[in-house]
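The analysis underlying the following values was restricted to heavy atoms, covering all of them including side chains, and did not include hydrogens, waters or symmetry mates. Each chain gets a letter, A, B and so on, in the order the sequences are listed, and its residues count up from 1.
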2 protein chains.
Amino acid sequence: MSKPLANAAQGKQDGQGGQDRQPKDPAVVLGLGVDRSSPVPLYFQLAQQLEAAIERGALTPGSLLGNEIDLAGRLGLSRPTVRQAIQSLVDKGLLVRRRGVGTQVVHSQVKRPLELSSLYDDLEAAGQRPETRVLRNTLGPASAEVAAALGVAEGQEVHHVERLRLAHGEPMAFLTNHIPAGLLDLDTARLEATGLYRLMRAAGLTLHSARQSVGARATAADEAERLAEPEGAPLLTMRRTTFDDTGRAVEFGAHVYRASRYSFEFQLLVRP
Amino acid sequence: MSKPLANAAQGKQDGQGGQDRQPKDPAVVLGLGVDRSSPVPLYFQLAQQLEAAIERGALTPGSLLGNEIDLAGRLGLSRPTVRQAIQSLVDKGLLVRRRGVGTQVVHSQVKRPLELSSLYDDLEAAGQRPETRVLRNTLGPASAEVAAALGVAEGQEVHHVERLRLAHGEPMAFLTNHIPAGLLDLDTARLEATGLYRLMRAAGLTLHSARQSVGARATAADEAERLAEPEGAPLLTMRRTTFDDTGRAVEFGAHVYRASRYSFEFQLLVRP
DNA sequence: GAGGTTCTGTTGTCCGGACAAATGATTGAC
DNA sequence: GTCAATCATTTGTCCGGACAACAGAACCTC
């Protein structure tokens with residue numbers, strides 16, 4: 001009892017019939033339909049398909065999605081299930097719901113939610129061939145500062161890693177990291193082959209959030225050569241503590257980037 | 001049929017009786033209880049109370065929350081409602097659910113999710129008395145760069161605001177903003193009294209997300225005096241486009257901060 | 001004692017229904 | 001013609017129930 005989905009921006013009132021005519025089901029047109037034998041939850045299947053439809057432009061920004069009851073009926077799902085799918089896309093910022101109006105595709109220029117940034121992945125995605133030079137990889141007692149940042153006792157065993165990150169053979173950043181012992185197998189060869197975050201994820205850690213502090217300062221004399229910047233040149237600094245899904249701190253890093261070569265890009269979400 | 005809530009870390013099996021003894025309802029102990037006459041949704045009331053209990057330490061990190069069915073029964077709510085409350089706290093990173101185990105309070109040092117940062121609010125929260133000096137407040141055609149950032153046509157009318165933000169009478173940052181015309185009533189007096197984000201929210205705009213880019217550079221000759229920094233001193237730069245809940249760009253800002261006085265603090269969430 | 005099996009408790013998913021609240025259009029009165 | 005009241009539509013909230021999937025403990029077998 002409504003004309004949903006697709007380009008329903010203009011309210012063309014074509015008699016709202018079609019009960020005897022070919023239904024021309026918009027859900028079918030969009031390729032929506034769930035597989036009940038799949039172990040993937042139904043709401044998740046639907047969410048993925050809707051997201052794909054938005055991504056490929058089958059659902060244009062501003063278009064209405066049709067009411068939930070009908071959509072559920074057409075797909076053979078219950079309304080709560082459809083709502084759960086829609087809600088997950090609303091959380092992602094792809095859809096907006098308005099009571100009394102409907103659910104519409106967001107008119108956004110921002111595509112990706114942008115995750116916890118990893119310098120290695122960033123560089124690789126940008127087509128630069130990242131390279132890592134491990135300058136230090138030791139295990140020892142945590143200093144007061146590191147212990148406070150990681151929330152462990154002072155003197156606890158922690159890994160201490162120092163790396164120089166290069167792109168196209170030129171230094172980009174100097175990375176200092178501290179990781180509690182026992183979480184990770186920190187092999188120097190592996191550290192030179194990939195990024196730290198990838199190693200942590202591979203070790204079964206599910207990263208959840210990170211507290212960051214970004215600032216700037218001038219290049220000191222003792223780091224000028226290492227970073228190939230003149231003394232006094234501006235540097236971008238970042239201190240970050242990363243937590244896994246249980247709230248445990250799994251990494252503390254204090255990094256220095258060449259401001260002439262790098263800047264942070266990220267997206268902040270407002271959670272009201 | 002279980003011993004939930006409070007410090008249930010140790011599995012003391014005290015006969016699981018208590019059906020005839022005083023129940024000593026943990027929900028009551030925690031001050032949980034909803035008001036059905038309130039217009040505030042029940043799940044939201046419960047979420048707030050749980051969050052408050054965590055905040056004040058009544059629910060200690062690592063402690064189990066007790067199963068959802070019992071909790072629902074004790075509060076006179078249905079399980080879906082309780083689940084919705086819990087889920088909102090899981091999204092906030094305060095709780096973790098594990099199937100077969102239960103829901104427990106996260107062992108986190110991070111308290112606040114940290115929202116879209118507003119320099120004005122940041123300074124005010126830090127006890128510094130922020131002050132704003134409006135240097136420019138005009139309406140004119142958008143340049144190519146501004147139009148691209150805001151996603152509007154070049155030449156479209158936009159506000160152009162330049163402000164100097166001070167704390168304790170000392171300059172902290174130079175803020176340049178562009179806002180599409182018609183969204184907001186940009187009164188210079190009001191701009192000097194509060195922050196831009198507060199004005200936008202007061203105008204009924206619901207901010208949703210922002211795309212940011214943070215870098216660093218040296219102080220140029222023409223801005224040295226304005227910021228009270230010597231020429232060549234490192235500055236922190238930020239470019240940000242803010243979007244409302246419909247995905248529309250509502251603000252574009254290019255800001256410069258004194259690195260000696262300010263650094264960004266924020267939290268990134270991983271959305272898997 | 002070691003190992004696998006069963007059992008119990010918990011969250012995850014899904015259903016069907018009901019009413020309230022907000023929005024926008026339609027209708028009606030003046 | 002203008003304004004207010006009404007109505008239909010749609011999402012928001014809430015209920016009660018059912019079964020599946022998973023983790024951990026208890027149990028039993030060898």
A:Arg79 CZ to D:dC14 P, in whole Å, measures 13 Å
Can you work out whether A:Leu42 or B:Ile69 has the more 5'-proximal nearest nucleotide on DNA chain C? B:Ile69
Are any of B:Arg98's side-chain N or O atoms less than 4.0 Å away from OP1 or OP2 of C:dG9? no
With side chains defined as the heavy atoms from C-beta onward, is the minimum distance between A:Arg248 and A:Leu183 less than 4.5 Å? yes
When rounded to whole Å, the CD to P distance for the pair B:Gln45 and D:dT13 reads 12 Å
Closest to side chain of B:Arg97, choosing from C:dT13, D:dT13, C:dG12: C:dG12
Testing C:dG12, C:dT13, D:dG12 for proximity to the side chain of A:Glu68, the answer is D:dG12
Given that A:Ser78 and B:Arg83 both sit by DNA chain C, which one's nearest nucleotide is further toward the 5' end? B:Arg83
Among D:dC15, C:dT13, C:dG16, the nucleotide that comes nearest once only the side chain of B:Pro80 is considered: D:dC15
Determine the interplanar angle of the A:His160 and A:His178 rings, folded into 0 to 90°, and report it as parallel if under 30°, tilted if 30 to 60°, perpendicular if over 60°. tilted
Enter the distance from B:Asp244:CG to B:Thr206:OG1 here, rounded to the nearest 0.5 Å. 5.5 Å
Do A:Gln156 and A:Pro141 have side chains that approach each other closer than 4.5 Å (heavy atoms only, starting at C-beta)? no
Counting C-beta onward and ignoring hydrogens, is there a side-chain heavy-atom pair between A:Asn177 and A:His159 closer than 4.5 Å? no
For A:Leu77 and C:dG17, give me the distance from atom CG to atom P, rounded to whole Å. 15 Å
I need the CZ-C1' distance between B:Arg99 and C:dC14, as an integer number of Å. 13 Å
So, OP1 or OP2 of C:dC15: does either fall under 4.0 Å of a side-chain N or O from A:Arg36? yes
Establish, with yes or no, whether the OP1 or OP2 oxygen of C:dC14 is under 4.0 angstrom from a side-chain nitrogen or oxygen of A:Tyr43. no
Whole angstrom is fine here: how far is it from CD in A:Gln104 over to C1' in C:dG24? 13 Å
Without decimals, in angstroms, what is the distance between B:Asp70 CG and C:dT11 C1'? 13 Å
Base, sugar-phosphate, or nothing: which does B:Gly73 touch, judged by heavy atoms less than 4.0 Å apart? nothing
Please give, in whole Å, the distance from C:dT11 P to B:Leu64 CG? 9 Å
side-chain N/O A:Thr103 vs D:dT10 OP1/OP2, d < 4.0 Å: no
Let me know the distance between CG of A:Leu46 and P of C:dT13, rounded to the nearest Å. 14 Å
